Amino acid sequence: MSELRTRFAPSPTGYLHIGGLRTALYSYLYAKKMNGKFILRIEDTDQGRYVDGAVEIIYRTLRETGIMYDEGPDVGGDYGPYIQSERKNEYLFYAEKLVESGHAYYCFCSEERLASLPDINGARRYDKHCLNLSKEEIAERLARGDKYVIRQNMPVTGNSTYHDVVYGDITIENSELEDQILIKSDGMPTYNFANVIDDHLMGINCVMRGIEYLSSTPKYNLLYDAFGWERPVYIHMPPIMKDAQHKLSKRNGDASYEDLIKKGFLKDAIINYIALLGWSPKDDSEKMSFAELQRKFDVSGINKSPSIFDPMKLAWLNSLYIKEMPPESFAEYAKPWLETCYLKDFDKRLVCKLIQSRIETFAEIEDKLRFLVEFGDIDDGLYVNQKQKADAALAKNILPKIKDKLYVLKNWDNQNLFDTLVELSAELDCKKGAVLWIARVALTGLAVTPGGASEIAEILGKEETLRRIDCAIMQLNA
RNA sequence: GGCUCUAUCGUAUAGUGGUUAGUACGUUGGCCUCUCACGCCGAUAACAGGGGUUCGAAUCCCCUUAGAGUCACCA
């Protein structure tokens, strides 16, 4: 068996959406598992849809996520060029070969004629009108410079069957196949044609792509057959949906890879999650590193039915990756989000320690830390905690004592603060939870905070802590 | 509409003729605890419907229903 060669062939239309990224991921994982090659090819035959910078986004995203291609436009290889617009001349040559063998023909039909074709169930099917043109007429019109396209000559009877690795045998009546255009009037090949020619020329023997190509694959197979080329192995994949009836797409404003990064998701979590959308390993593993994914990936685990993208589960996976980050990496990665919090001179290390285990995405940082810079009215009701037997009256009573204790505290760190407050609770003969609860509320004015009273006091610093306690006392006495 | 594909808890899935239908997220009860979070223990909830085949069907077949894809000089 020759070396497995698979490929990812995106169009540079502006972004790499989640579905495309997953296709690339699966193709890469499968190629690597089989000790084969993974190739990147840019399909830019539609000049109208080309978007500047889109190619760079593709390169960057694949690199960033670890989906390294063995051959491609910017890394080279023996089958280049890897950009379709640079292979333009190849296609016409092969199309003409097909014309010679009768598998394709020139078509001079005008747009108007095409538009006048009968509409059958909402679709206009080309009627093979130009198939019957005489050799002389074709030569004459070609010489005259008439605009033309080259169409594939589909069989009218019989049916075509092929095997798909995930969907099994697919059979379609040949009469369902339209004489699709191979070469457009601008001389460029259509995707359908270029795709087949390139795959063959590049030695691609395994094609992994979205299910949208499942029903047009017989057309490609007819092309392979006409040339006498060996058909590749096909692996079609189910779509990723936003909900039961809508596909996930940038057009609907759904998240692309880059959007997810901006929303505070880690690339490892994104890759891990999308790997699980439509595929599952033999065991019950869910959190898998890229290396594990490579080891465990197998096409037999690919699902047939569409799967809905679940941000909640992604967030959960993301939190797992966040928790295992070394503190330094976390601090480094969190930097941009921390900057939006105006933390002034608070100790970033302590702040990170506080939030690392409490966020699922980095975007939550701002909300979680707002209390560090915003402090104002405290609702008396917040002092009430039945379990700890705390309330506003108790707060009014012990807050001054807390203040006195802290005022003389020498080493301002979490442990000392905690010990001091616990000590006070013993002296006052009340629950330590009551003291800590009241202190925390007084310092933050919030029912829920990341971290307890002592941790927060440590970050706030002595001066700010005492200032806030004063504030709280004043409010209670007002 | 024609053609193709799909159908297990809300979501992602395990399951390939015999299981108390498993797991994870979510939701939820509890424990732990200076609130929250983490962690731990429990609960919740599914074979779309109807016919077959079979001693036996989530698993095989058919129909219905629902959904997706496709029918371009787009990829």
Side-chain angles (χ1 to χ4, degrees), chain A residues 9-13 43-46 48-49 84 107 109 111 114 120-125 147-151 164 167-168 170-173 175-178 180-186 188-192 194-195 210-218 236 238-239 241 243-247 273 276-287 301 303-317 319 323 354-360 368 382 385 387-388 418 421-422 425 431-441 444 446-456:
Chain A
S11 295
T13 53
E43 310 234 334
D44 59 347
T45 53
D46 184 6
R49 291 216 300 171
Q84 278 184 337
C107 171
C109 289
E111 274 180 52
L114 260 24
I120 302 161
N121 290 326
R124 287 176 213 290
R125 180 70 66 75
K147 277 212 159 208
Y148 70 89
V149 298
I150 295 180
R151 285 181 184 275
D164 180 87
Y167 290 96
I170 307 292
T171 299
I172 288 183
E173 293 295 323
S175 58
E176 290 293 324
L177 274 20
E178 191 185 23
Q180 63 175 349
I181 289 173
L182 268 19
I183 299 291
K184 299 184 262 191
S185 58
D186 64 358
M188 286 291 250
T190 53
Y191 163 86
N192 295 312
N195 200 258
I211 193 174
E212 59 267 29
Y213 298 102
L214 193 74
S215 51
S216 48
T217 297
H236 287 97
M241 314 288 284
D243 54 50
Q245 38 267 42
H246 303 283
K247 220 172 135 172
Y273 178 66
L276 253 19
L277 263 187
W279 170 80
S280 65
K282 295 275 178 286
D283 53 35
D284 273 340
S285 324
E286 296 216 283
K287 181 168 176 299
N303 246 67
K304 289 180 184 162
S305 42
S307 35
I308 298 170
F309 186 90
D310 180 6
M312 300 284 262
K313 187 135 187 180
L314 204 211
W316 167 73
L317 260 180
S319 75
K323 283 188 195 81
L354 207 60
I355 56 175
Q356 183 165 7
S357 67
R358 283 176 245 258
I359 55 170
E360 290 199 314
K368 283 249 180 346
L382 288 177
N385 182 318
K387 200 174 147 197
Q388 309 292 358
F418 183 72
L421 292 171
V422 171
S425 71
K431 299 182 100 170
K432 70 174 181 183
V435 174
L436 291 160
W437 173 272
I438 286 169
R440 194 183 59 80
V441 169
T444 63
L446 296 174
V448 172
T449 54
S454 59
E455 290 164 291
I456 289 170

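Numbered from 1 within each chain, the chains take letters A, B, ... in sequence-line order. Since the structure is predicted, the reported quantities are computational estimates derived from the model, not experimental observations.
- Interface remark: the A:S357 side chain does not form any donor-acceptor pair with the B:C38 base, using a distance-only criterion of under 3.5 Å.
- Which of B:C5, B:C34, B:A24 sits closest to the side chain of A:I211 comes down to B:C5.
- Taking a pair to require two hydrogen-bonding distances under 3.5 Å in either a Watson-Crick or a G-U wobble arrangement, B:G29 pairs with B:C41.
- Base pairing of B:A14: no nucleotide in any strand meets the Watson-Crick or G-U wobble criterion (both distances under 3.5 Å).
- To the nearest whole angstrom, the two P atoms, one in B:C5 and one in B:A43, are 41 Å apart.
- Distance check on atom P: B:C60 versus B:U16 gives 11 Å, rounded to whole Å.
- Here B:C47 sits opposite no nucleotide as a Watson-Crick or G-U wobble pair (both hydrogen-bonding atom distances under 3.5 Å).
- Of the C1' atoms belonging to B:A48 and B:G42, the separation is 31 Å, rounded to the nearest Å.
- In the set B:A75, B:C71, B:U11, B:U11 carries the atom at the smallest distance from any side-chain atom of A:D310.
- Put simply, the side chain of A:Y191 and the base of B:A72 share no donor and acceptor less than 3.5 Å apart.
- Put simply, the side chain of A:S454 and the base of B:C34 share a donor and an acceptor less than 3.5 Å apart.
- Here B:A21 sits opposite no nucleotide as a Watson-Crick or G-U wobble pair (both hydrogen-bonding atom distances under 3.5 Å).
- Counting distance only, with no hydrogens placed and no angle test, the side-chain atoms of A:K387 and the base atoms of B:U33 include a donor-acceptor pair under 3.5 Å.
- Distance, A:I456 CD1 to B:A37 P: 14 Å, rounded to whole Å.
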- Dump the intermediate steps for side chain to side chain donor-acceptor pair (under 3.5 Å) on A:N192 and A:T190, then the final yes or no. CA-CA 5 Å; A:N192 295 312; A:T190 53; 4.5 Å; no
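- Atom P of B:G15 sits at a distance of 33 Å from the matching atom of B:C71, rounded to the whole Å.
- The separation of B:A12 from B:G52, taken at their C1' atoms, amounts to 32 Å, rounded to a whole angstrom.
- Remark: the separation of the C1' atoms in B:C47 and B:U13 is 13 Å, to the nearest Å.
- For A:Y167, the side-chain atoms get nearest to B:C5 when compared with the rest of B:C5, B:G69, B:A7.
- Whole-Å rounding puts the A:Q388 CD to B:C32 P distance at 12 Å.
- Atom P of B:C25 sits at a distance of 40 Å from the matching atom of B:C63, rounded to the whole Å.
- Look at B:C36: it lacks any Watson-Crick or wobble partner with both distances under 3.5 angstrom.
- Counting distance only, with no hydrogens placed and no angle test, the side-chain atoms of A:R358 and the base atoms of B:C36 include a donor-acceptor pair under 3.5 Å.
- Base pairing annotation: B:U6 forms a Watson-Crick or G-U wobble pair with B:A66, both donor-acceptor distances under 3.5 Å.
- The shortest distance between the side-chain N/O atoms of A:T190 and the OP1/OP2 oxygens of B:C73 is not below 4.0 Å.
- The separation of B:A72 from B:U54, taken at their P atoms, amounts to 46 Å, rounded to a whole angstrom.
- When the C1' atom of B:A14 is taken as reference, atom CG of A:N303 falls 10 Å away, rounded to whole Å.
- Below the 3.5 angstrom threshold, one finds a donor paired with an acceptor across the side chain of A:K313 and the base of B:A24.
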